[in-house]
Every structure is written in structure tokens, then in C-alpha cells.
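To start, the structure itself, in C-alpha cells.
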Amino acid sequence: MEEQFSIVEDITDPSLMENILSRLDEIQLEDEEFMQILLSKQNEMVVTWDQPWYQMANCLTRPLDQSNCKETAMFRTDAICSDESKKIHKNWKKFQKNFDVPNKPICLARWKNKEKCRSPSTPEEFVRRFVISFLARGLERNLYQVHKHFLNRYGSLNKGKYWKYEENAMEVCLYHCPKNAVIYLSAVLSREPRGIYKRLWQMFNGKPERKKLKWTLQLATKFLKLLMEHSGETVVDNLKQKKFEKSVWLKLEGDIGQQYIYLQQFWQDELHVQLFVKADVKINKLRRKVFKTLRLYPYKVWTDIRWKEVAKHFADGFSHRFLYKICYFLVFKSINKLRTHPLEEVIIHGIEKSKLVPNKRLKTLVFNENKELEINIAF
DNA sequence: AGTACACCAGCTGAAAATCC
DNA sequence: GGATTTTCAGCTGGTGTACT
């Protein structure tokens with residue numbers, strides 16, 4: 001793919017589309033073969049372990065219906081954490097070994113019941129449900145959640161920024177076969193379909209425009225007052241760590257004339273920190289503290305770091321994104337392989353660097369009696 | 001310091017199949 | 001023959017993190 005599509009002169013060239021289709025054929029054949037192997041083991045697929053009630057449903061693709069549920073044992077509803085993901089992977093390895101199937105989870109993740117009957121009682125659905133149940137063993141998750149995670153983790157191996165060849169392939173596919181473009185592309189590029197939708201949509205309609213905003217004390221004051229007004233809070237302190245309804249953000253979007261997503265970020269990463277951190281903070285010292293905190297975790301490389309976890313070690317005014325940013329700034333240039341470089345070396349480097357770069361004080365703010373933001377001169 | 005953008009997981013309409 | 005259950009596909013909001 002990469003070779004053939006890195007330079008495309010004429011997207012209407014039909015041989016390019018043939019190329020995509022033949023790759024698609026290969027993939028579908030591979031998936032079909034894998035499914036046949038699973039089907040041949042169907043007789044051995046018996047649930048021999050205890051399942052919590054929320055793992056007994058038949059449905060993998062719809063959220064679990066809890067409307068008339070009286071059970072007390074509940075599944076988790078937060079995002080699947082890395083330990084859970086590891087557990088799923090372990091279960092997969094176990095499944096693969098016990099049932100002697102090739103190590104190709106991607107085939108099952110890609111497999112779709114298109115032509116055949118969708119009834120849950122068909123052999124294809126049966127084995128699919130069995131595998132997911134097997135993967136869910138020992139997790140406080142329902143099958144829908146595990147299935148979704150399985151698709152995300154194994155269904156699309158290609159993650160990160162889009163490459164030029166991918167965009168070229170998208171254009172070709174969209175030109176020749178707009179109807180199935182997303183599904184085809186998702187398979188041949190091994191990419192999440194949702195990302196491709198967005199991408200194609202942008203290629204067609206252009207990106208939504210973004211206004212430049214210069215944040216000043218006056219503007220921040222206006223923002224804060226509006227945030228209080230729309231959320232019905234009268235005391236600034238009550239805004240700390242508060243989650244606001246989307247309707248609140250939409251009102252702010254209208255008032256300030258900036259997409260609310262950016263306002264949200266400004267609040268979470270900048271203003272919140274400046275308003276609610278009540279201490280004299282020297283940025284470099286803080287950086288060192290963060291780097292040392294990283295050692296408390298078994299992280300091996302930079303990308304293992306779960307910043308929300310790290311942030312728990314700091315006063316509740318700090319957002320995890322703020323901490324991430326001040327540290328990333330020190331290490332990204334010198335260590336360009338953050339994904340593979342041993343974290344300990346990155347930490348050492350970061351700590352050293354923090355002694356060399358100019359030290360700054362966190363500018364904190366107070367909401368004064370005139371109901372205006374001003375720079376906190378206490379520190 | 002500010003921006004960009006892909007990932008994750010939840011939700012839902014339409015279609016297909018089954019149940020009663 | 002209508003209600004129910006399930007898949008696929010489309011969409012979205014919010015989050016995480018990489019880059020300039």
C-alpha cells in the first residue's frame with residue numbers, strides 16, 4: 001500500500017482502485033479462513049467458569065440494557081485502563097493456546113456478519129460471543145465494553161497521524177467507490193473507521209474555522225463571570241474540579257464567539273490552575289517533583305504514563321494536562337523516541353534540564369472584591 | 001504557551017432475523 | 001404480523017498526547 005500510494009498523480013486511474021480491491025480480497029479471505037478455524041472448534045466452546053450477570057447477555061454490539069435490572073454487582077463504567085487491557089490480552093493468549101488457533105485477533109476484530117444470518121444462534125455469532133466472553137473473564141466489564149475494546153485494540157493496528165499515502169488512498173477510494181469508501185479504507189489501511197469518516201468529511205468540507213483569541217485578564221474575567229452565571233454558581237471556589245453541562249459550554253460559545261471545545265481547554269489547563277493553585281509554585285521545582293513521581297509507577301516508556309494518575313499526587317488545582325505540558329516541554333526535543341526510550345533516562349534528562357532552563361513562577365490569580373481577576377501578589 | 005488531531009467508547013437508525 | 005433482539009454503520013463528545 002505504502003509504496004503504491006505515496007505518490008499518486010491521477011486519482012481516477014482505475015488500476016489504483018483495483019489495487020485496493022485486491023488487497024481487500026486478501027484481507028477478507030484471511031478473516032474468513034480464521035472464522036472457519038474458530039467454527040471447527042465450536043464443540044469445545046463451553047463456558048466452564050462463573051460469569052457475572054452482566055457478561056451473560058447475547059448482545060455484543062448494543063449497550064447492555066439495564067432498565068429492569070435489580071442486580072447489585074455492577075460493572076465498571078470508566079474507560080478501560082491499561083491493566084484491564086493487559087488482562088484482556090492475557091485472556092486472548094490463553095484462548096489462543098487452549099483452542100489452538102493462530103494468533104490473529106485482528107481477523108476476528110475485522111470479521112463482519114454481512115451475508116449470513118445475523119441471528120445470535122448462528123454458529124458465527126456463537127463463536128464470536130464465546131471468544132469475547134472468554135476475554136471478559138475476570139473483568140468487571142460487560143461484553144459490549146470488552147467487544148468495543150477488542151475492536152479498538154486489535155481491529156486497527158495503524159494508529160497515530162495519517163500518512164500521505166493514506167490520504168491518497170482515501171481520495172482514490174472515494175472517487176471510485178464513495179458508497180463503501182470508509183469500510184474498504186478502514187480494512188486496507190487498518191484504521192479505525194471513525195477517524196476515516198472525519199478525515200473524508202474534512203477533505204470534502206474543509207476544516208471548521210477557528211478564531212484567534214488573545215487571552216487577557218479582562219477576557220478571562222468575562223469568561224469566568226459568564227461561566228458562573230450559566231452554571232448558577234455564585235462562589236468561585238465551587239467551580240473547582242466541577243464538571244459543567246454541555247449546555248453551559250454552548251452558551252459560552254455563543255457569548256464569546258469561540259468553539260466551546262477550546263474554551264473548555266483554556267479553563268481546564270490554564271485558568272483552573274492559575275485560579276485554584278494556592279501556593280508559590282516554581283515551575284522547575286514542580287517539574288522535578290513530577291519527574292520523581294513518575295518513578296513510583298512501573299512505567300517503562302514515556303507513552304505508558306497515565307497523567308491523570310500522576311496528577312493525583314498534586315494539589316487538586318493542577319490539571320493533568322498542565323503537568324504533562326510543563327514536563328513534555330523539557331524532553332521532547334532531545335529525546336525524539338519517547339515511545340521506545342527507557343523512561344528512567346528520560347526522567348534523568350528531564351531533571352537535569354530543569355536545572356538549566358529559566359525558572360518561572362506560576363502566575364496565580366485571584367477574583368477580587370470588584371469581581372475582577374487580578375494577579376495574585378501574595379507570592 | 002498554544003494548537004492540532006486521532007483515539008475511545010457510548011449512542012442510535014435501519015435492516016435483518018426471530019419470537020410469540 | 002407485530003414486538004423483540006441483534007448486527008452494521010454512522011455519528012458524537014470528551015480525552016489524551018504530540019507537535020510547533
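Note on naming: letters A, B, ... go to the chains in the order of the sequence lines (proteins, then strands), and numbering restarts at 1 for each one.
- B/dA1 atom C1' lies 11 Å from atom CZ of A/R287, rounded to whole Å.
- Rounding to whole angstrom units, CG of residue A/L157 and P of B/dA6 are separated by 18 Å.
- Of the side-chain N and O atoms in A/R141, none sit less than 4.0 angstrom from OP1 or OP2 of B/dA9.
- Note: A/F223 and A/W215 meet the aromatic proximity criterion, with ring centroids under 6.0 Å apart.
- When each of B/dA6, C/dC8, C/dT17 is scored by its nearest atom to the side-chain atoms of A/Y324, the top-ranked nucleotide is C/dT17.
- With sequence neighbours left out, A/E33 forms a salt bridge (Lys or Arg N to Asp or Glu O under 4.0 Å) with no residue at all.
- OP1 or OP2 of C/dA18 sits under 4.0 Å from a side-chain N or O of A/W302.
- For A/I183, the listed nucleotide lying nearest its side chain is C/dA9; candidates were B/dC8, C/dA9, B/dC7.
- Residue-to-nucleotide contacts include a donor-acceptor pair under 3.5 Å from the side chain of A/R62 to the base of C/dT7.
- One atom, CZ of A/R110, and another, C1' of C/dA9, lie 18 Å apart when rounded to the nearest Å.
- Within the nucleic acid shown, A/Y144 comes within 4.0 Å of at least one base atom, counting heavy atoms only.
- Residue A/Y154 is tested with A/H89, A/H149, A/R110, A/K104 for a side-chain hydrogen bond (donor to acceptor under 3.5 Å, both in side chains); the sole match is A/H89.
- Atom CG in A/D31 sits about 12 Å away from atom P in C/dC8, given to the nearest Å.
- Each of B/dC11, C/dA18, C/dT6 was ranked by its minimum atom distance to the side chain of A/Y328; first place goes to C/dA18.
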Could you write out each protein N or O paired with an N or O of nucleotides 12-16 of chain C at a distance under 3.5 Å?
unit_1: C/dG13; atom_1: OP1; unit_2: A/K246; atom_2: NZ; d: 2.6
unit_1: C/dG14; atom_1: OP2; unit_2: A/Y260; atom_2: OH; d: 2.9
unit_1: C/dT15; atom_1: OP1; unit_2: A/K243; atom_2: NZ; d: 3.4
unit_1: C/dG16; atom_1: OP2; unit_2: A/H320; atom_2: NE2; d: 2.9
unit_1: C/dG16; atom_1: N7; unit_2: A/R321; atom_2: NH1; d: 2.8

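- The aromatic ring centres of A/W163 and A/F5 sit 6.0 Å or more apart.
- What separates NE2 of A/H149 from P of B/dC7 is a distance of 14 Å, to the nearest Å.
- Considering only side-chain atoms of A/K325, the nucleotide from C/dC8, B/dG2, B/dA1 that sits closest is B/dG2.
- Using a 4.0 Å heavy-atom distance criterion, A/N58 is classed as a sugar-phosphate-only contact.
- With B/dC8, B/dG10, B/dA1 as the choices, the nucleotide that has an atom nearest any side-chain atom of A/K360 turns out to be B/dA1.
- Within 4.0 Å of A/R129, counting heavy atoms only, lies no atom of the nucleic acid at all.
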Legend entry - A/F130/A/F99 under ring pair (Phe, Tyr, Trp, His ring centres under 6.0 Å): CA gap, chis, key distance, verdict: CA-CA 12 Å; A/F130 180 83; A/F99 288 81; 5.7 Å; yes
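- Hydrophobic clustering of Ile, Leu, Val, Met, Phe, Trp and Tyr side chains at less than 4.5 Å, counting indirect connections, keeps A/I106 apart from A/F34.
- Rounded to an integer number of Å, the gap from A/I132 CD1 to C/dT6 P is 15 Å.
- Below 30°, between 30° and 60°, or above 60°: for A/F291 and A/W302 the angle between ring planes is between 30° and 60°, a tilted geometry.
- When the P atom of B/dG10 is taken as reference, atom CZ of A/F150 falls 17 Å away, rounded to whole Å.
- Counting non-hydrogen atoms under 4.0 angstrom, A/R153 reaches nothing in the nucleic acid.
- In this structure, A/W53 and A/F75 have tilted ring planes: the angle between them lies in the 30° to 60° band.
- We find that NE2 of A/H147 is positioned 12 Å from C1' of C/dA9, with the value rounded to whole Å.
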